[in-house]
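Throughout, protein chains are lettered first and strands after them, A, B, ... in sequence-line order, and every chain is numbered starting at 1.
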There are 2 protein chains.
Amino acid sequence: MSQNIYKHHDHHACIDTAVSRARDLCQEKGVRLTPIRQRVLELVWANHKPVGAYDLLPRLAEEGFNSAPPTVYRALDFLLDLGLVHRITSLNAFIGCTHPGEDHPTCFFVCRQCGQAQELDSAEMSDIARQAEARLGVVVEQQITELLGLCPACKGAA
Amino acid sequence: MSQNIYKHHDHHACIDTAVSRARDLCQEKGVRLTPIRQRVLELVWANHKPVGAYDLLPRLAEEGFNSAPPTVYRALDFLLDLGLVHRITSLNAFIGCTHPGEDHPTCFFVCRQCGQAQELDSAEMSDIARQAEARLGVVVEQQITELLGLCPACKGAA
DNA sequence: GCAGATTAGGTTATAATGTTGCAATTCTAC
DNA sequence: GTAGAATTGCAACATTATAACCTAATCTGC
């Protein structure tokens, strides 16, 4: 499992790692990590909370980037395609992927209080997909799992 | 597991059962299944495809019901609270619950081609939540799992 | 280098989904 | 029947996402 964000960690390292992996992945795939794309990635990684596309617009504007919705959505789509960020569909928000490059079904826990989110690996994830395929005769192409609740800190505070 | 919709079935019976269960549940909980609420439930159950809130508006209008967004969303919220319908968050759409009354984590398979959706039970669902709680020290209050892919018919056609 | 193809970004407008706030009505319990 | 609660009507608005069309930058093969 990826590092548990609810424990102390050096967050600058998270961002640096993410950008550096992104660069490698783009190189490998022969696509371009343009300034806008990189900046969007960094902003998504600014903390461990899923961020809405429209939250990014003013921050890009501040830095002199163009900031119309299509600009941000294009950058996000690019990053999604490469698996560098994930979309939290229940929040209409985006978050950095902690292990890009690996093709994996994603599972996120999101704290409804503080908004922090943690990506999880779980063997049971693929069991569910396989079960559905066996029982229904379907083909599963994409799997979304999102857990909502309270993180350790917010649980304690309540 | 609930009936597999990809096999032949009498769909009128699906709707009747749903409405009749809704009536019982409302009685039991001391809440009112008003005409609008019942009609929205029936429309959601019109087929096994998740339906958008805005798709319901014109149909309600045809029948002389008020049809502004809040009307539909209020009815849907009511039905969601009682567990009579579920929300497919990745589609911004709603679908009838096949076993209301039971408190259960929901898992849906949705065909990306024809749009039909099937609710699934899976023991692994709660395993995932329990794992997250154990590993992260969190409390899981809600769990969303959605599988996208191809149903038997659409798989065959492709 | 240069021409043409490809990719990325700029701009404007609009679509799709969901919410707030308040007034009017209807129901329920006493 | 009357007060309080629940429900509905209504208008405006907020949020999220995409379409369409064009310009600019970059790459590729020569």
Side-chain angles (χ1 to χ4, degrees), chain A residues 22-23 25-41 43-44 49-61 63-82 84-95 110 115 144 146, chain B residues 22-23 25-41 43-44 49-82 84-95 115 144 146:
Chain A
R23 248 193 290 268
L25 201 60
C26 287
Q27 176 94 33
E28 185 188 317
K29 302 247 178 187
V31 295
R32 283 187 284 158
L33 188 65
T34 62
I36 288 184
R37 290 167 175 175
Q38 175 170 338
R39 195 64 192 118
V40 166
L41 180 64
L43 288 173
V44 166
K49 299 182 190 180
V51 61
Y54 277 74
D55 296 333
L56 300 175
L57 289 179
R59 300 201 225 172
L60 287 172
E63 301 173 18
F65 287 99
N66 176 45
S67 75
T71 301
V72 168
Y73 279 102
R74 281 175 193 145
L76 287 170
D77 285 345
F78 173 85
L79 298 170
L80 284 170
D81 278 348
L82 266 76
L84 291 165
V85 306
H86 294 297
R87 191 182 140 85
I88 309 284
T89 176
S90 61
L91 301 178
N92 295 323
F94 303 85
I95 192 165
V110 183
I144 295 163
E146 295 170 14
Chain B
R23 248 194 288 269
L25 201 60
C26 287
Q27 177 96 31
E28 185 188 315
K29 301 247 180 186
V31 295
R32 282 189 285 158
L33 189 64
T34 60
I36 289 184
R37 290 168 176 174
Q38 175 170 338
R39 195 65 192 119
V40 167
L41 180 64
L43 289 173
V44 166
K49 299 181 190 180
V51 60
Y54 276 74
D55 296 335
L56 300 175
L57 289 178
R59 301 203 225 171
L60 287 172
E62 276 171 19
E63 302 175 17
F65 289 98
N66 176 45
S67 75
T71 300
V72 168
Y73 279 102
R74 286 196 281 238
L76 288 170
D77 284 345
F78 173 85
L79 298 169
L80 284 169
D81 278 349
L82 265 76
L84 290 165
V85 306
H86 294 297
R87 191 183 141 84
I88 310 284
T89 178
S90 60
L91 302 177
N92 294 326
F94 302 85
I95 191 165
I144 295 163
E146 295 169 14

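What separates CG of A/Leu76 from P of C/dG9 is a distance of 12 Å, to the nearest Å. Rounded to a whole Å, the CG atom of B/Asp81 is 14 Å from the C1' atom of D/dA6. Spacing between atom CG of B/Leu57 and atom P of D/dA11 amounts to 15 Å, rounded to whole angstrom units. In this structure, B/Lys29 places its NZ atom 18 Å from C1' of D/dA6, rounding to the nearest Å. Rounded to an integer number of Å, the gap from CD1 of A/Ile36 to C1' of C/dA8 is 9 Å. Atom P of nucleotide D/dC10 and atom CG of B/Leu60 are separated by 14 Å, given to the nearest angstrom.
Axis angle between the ends of the helix from C/dG1-D/dC30 to C/dC30-D/dG1, five pairs each and rounded to 10 degrees, works out to 40°.
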### Query
Can you give one letter per nucleotide of nucleotides 13-30 of chain D, 5' to 3': B if a protein heavy atom sits under 4.0 Å from the base, S if only from the sugar-phosphate, - if neither?
---BBBBB-----S----

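In this structure, A/Thr71 reaches the C/dG10 phosphate: one of its side-chain N or O atoms is under 4.0 Å from OP1 or OP2. Note on B/Asn66: a side-chain N or O is less than 4.0 Å away from OP1 or OP2 of D/dG9.
Two residues, B/Ala68 and B/Val31, neighbour DNA chain D, and the one matched to the more 5' nucleotide by heavy-atom proximity is B/Val31.
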### Query
Stepwise, does the side chain to side chain contact (heavy atoms under 4.5 Å, CB included) test hold for A/Arg59 with A/Val51?
CA-CA 12 Å; A/Arg59 300 201 225 172; A/Val51 61; 4.2 Å; yes

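With rounding to the nearest 0.5 angstrom, the CG atom of B/Leu43 is 10.5 Å from the CD atom of B/Gln38. We find the CG-CG distance between B/Leu82 and B/Leu41 to be 10.0 Å, quoted to the nearest 0.5 Å.
Between A/Leu84 and A/Val44, every side-chain heavy-atom pair lies at or beyond the 4.5 Å cut-off.
Applying the salt bridge (charged side-chain N to carboxylate O under 4.0 Å, His left out) definition to pairs two or more places apart or across chains, none involves residues 64-76 of chain A. Among residues at least two apart or in separate chains, salt bridge (charged side-chain N to carboxylate O under 4.0 Å, His left out) pairs with a member in residues 61-73 of chain B are B/Arg39-B/Glu63.
Taking the side-chain hydrogen bond (donor to acceptor under 3.5 Å, both in side chains) definition, one finds that A/Thr71 meets it with A/Asn66, sequence neighbours left out.
When B/Val40, B/Ile36, B/Val31 are each tested for a side chain to side chain contact (heavy atoms under 4.5 Å, CB included) with B/Phe78, only one passes: B/Val31.
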For residues 87-94 of chain A, which side-chain donor-acceptor pairs fall under 3.5 Å, sequence neighbours excluded?
| from | atom 1 | to | atom 2 | distance (Å) |
| --- | --- | --- | --- | --- |
| A/Arg87 | NH2 | A/Asn92 | OD1 | 3.1 |
| A/Thr89 | OG1 | B/Thr89 | O | 3.2 |
| A/Ser90 | OG | A/Glu146 | OE1 | 2.5 |

